[in-house]
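Worksheet: one structure, shown below.
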Amino acid sequence: MISVRLVRFGKAFKVYSDDEYMGIIYKADFGKLGLDIDAKTLGKESEHEIADDRLDVLRDVVTYHAFDKAVAYAATTECCESDVRFRLRFRDYPDYAIDGTVELMYEYNYIDDRRYAEAYARTYALSKSKSLIIKELEMKDVSFDGMYELIDGVYEDEDISEDKAIEELLRKRFSGQDMNDEKVKRRAMGLLVRHGFSFEKINNHLT
C-alpha cells in the first residue's frame with residue numbers, strides 16, 4: 001500500500017505521495033483510486049492509503065484532467081507547446097502530466113507548429129515587423145523547416161508589406177497629430193522600434 005495525502009484546494013484536492021506532489025484530483029476520482037471516503041467529511045488535510053497499482057492510475061487521472069484543460073484552451077485559440085505548458089504550470093499541474101498532455105496534444109493535432117506560425121503571422125503582420133514575428137515565434141520554441149517561406153506567403157496572401165504595417169500603426173496611434181513635431185516624431189519612432197521595424201524603414205516614413 002502507498003500512503004497519500006489529500007489537501008483541499010477549492011472543490012478539488014492536491015495529492016502528495018511521500019511528499020511528492022502528484023497533482024490535482026476531484027471527488028469523482030476517488031473510486032478510480034480505491035478511496036472509499038466521503039469528500040464532505042474530509043478536513044483540510046487527510047492521510048489515506050491506496051494500492052500500489054493505483055499510483056499509475058493516479059498519474060493517468062491527473063494527466064487526463066490536464067489534457068482536458070488544454071483541449072478547452074485550444075478550442076478557443078490556436079496554441080503552441082509553450083502556451084500549453086505555461087497554462088498548465090499556472091494551474092499547478094506537475095511536470096509528468098504536462099509532458100503527457102503535450103504528447104497527446106501533438107498526437108491529436110491540437111498543436112501544430114506550422115498552423116500556429118501561420119495564425120500568429122496573420123494576427124500580427126499589420127502591427128509588427130516580420131523579424132519580430134519570427135523572433136517571438138522562436139522564443140516560443142516554434143521552429144520548423146520553411147518557416148520563413150511560410151511567413152512570406154502570409155504577407156503575400158494578405159497583400160501586406162512592412163511599409164503598410166508602419167502606415168497602419170501611425171494611422172492608429174498618431175492620427176490627427178503633427179508628425180513634424182519633434183516630440184510626436186520621437187514617440188512614433190519609439191513605437192516603431194518596439195514593434196521591430198528597422199531604422200531605415202522608420203526613417204522612410206518619419207523624414
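None of the values given here were measured: they were computed from a predicted structure. For reference, positions follow the sequence shown, starting with 1.
Between the N203 side chain and the F199 main chain, a donor and an acceptor come within less than 3.5 Å of each other.
For the pair K69 and Y93, the cation does not sit on the ring face, since its NZ or CZ is not both under 6.0 Å from the ring centre and inside 45° of the axis.
Looking at D38 and K27, no side-chain N of the basic residue comes within less than 4.0 Å of a carboxylate O on the acidic one, giving no salt bridge. A salt bridge does not link E167 with R171: none of the charged nitrogens is closer than 4.0 Å to a carboxylate oxygen.
Within a 6.0 Å radius of CG in D18, no more than 12 heavy atoms belonging to other residues, nucleotides or ligands are found. Around CG of D52, the count of heavy atoms belonging to other residues, nucleotides or ligands within 6.0 Å exceeds 12. Around OH of Y64, the count of heavy atoms belonging to other residues, nucleotides or ligands within 6.0 Å does not exceed 12. At most 12 non-hydrogen atoms from other residues, nucleotides or ligands lie less than 6.0 angstrom from CG of D145. Heavy atoms from other residues, nucleotides or ligands lying under 6.0 Å from CD of E200 number 12 at most. Atom OH of Y96 has more than 12 neighbouring heavy atoms from other residues, nucleotides or ligands inside a 6.0 Å radius. Within 6.0 Å of atom CD in E156, 12 or fewer heavy atoms from other residues, nucleotides or ligands are found, so the atom counts as exposed in its surroundings.
Between F67 and Y110, the two ring planes are perpendicular [angle over 60°; tilted spans 30° to 60°]. Under the 30°/60° scheme for interplanar angles, the aromatic rings of H65 and Y26 are found to stand perpendicular. Ring geometry for F86 against F90 counts as parallel: the plane angle stays under 30°, on a 0 to 90° scale with 60° as the upper cut.
A 4.5 Å side-chain heavy-atom check between Y120 and I133 finds at least one atom pair inside the cut-off. Contact check for L191 versus R194: side-chain heavy atoms found under the 4.5 Å cut-off. Contact check for I151 versus L137: side-chain heavy atoms found under the 4.5 Å cut-off. At least one side-chain heavy atom of N109 sits less than 4.5 Å from a side-chain heavy atom of R115.
Partner of K128 under the salt bridge (Lys or Arg N to Asp or Glu O under 4.0 Å) criterion, chosen from E168, E136, E162: E136.
Side-chain contact annotation: E81 with Y106, donor-acceptor N/O pair under 3.5 Å present.
Here D53 contributes atom CG and L58 contributes atom CG; the two are 12.0 Å apart, rounded to the nearest 0.5 Å. With rounding to the nearest 0.5 Å, the separation of CE in M179 from CZ in R187 is 9.0 Å.
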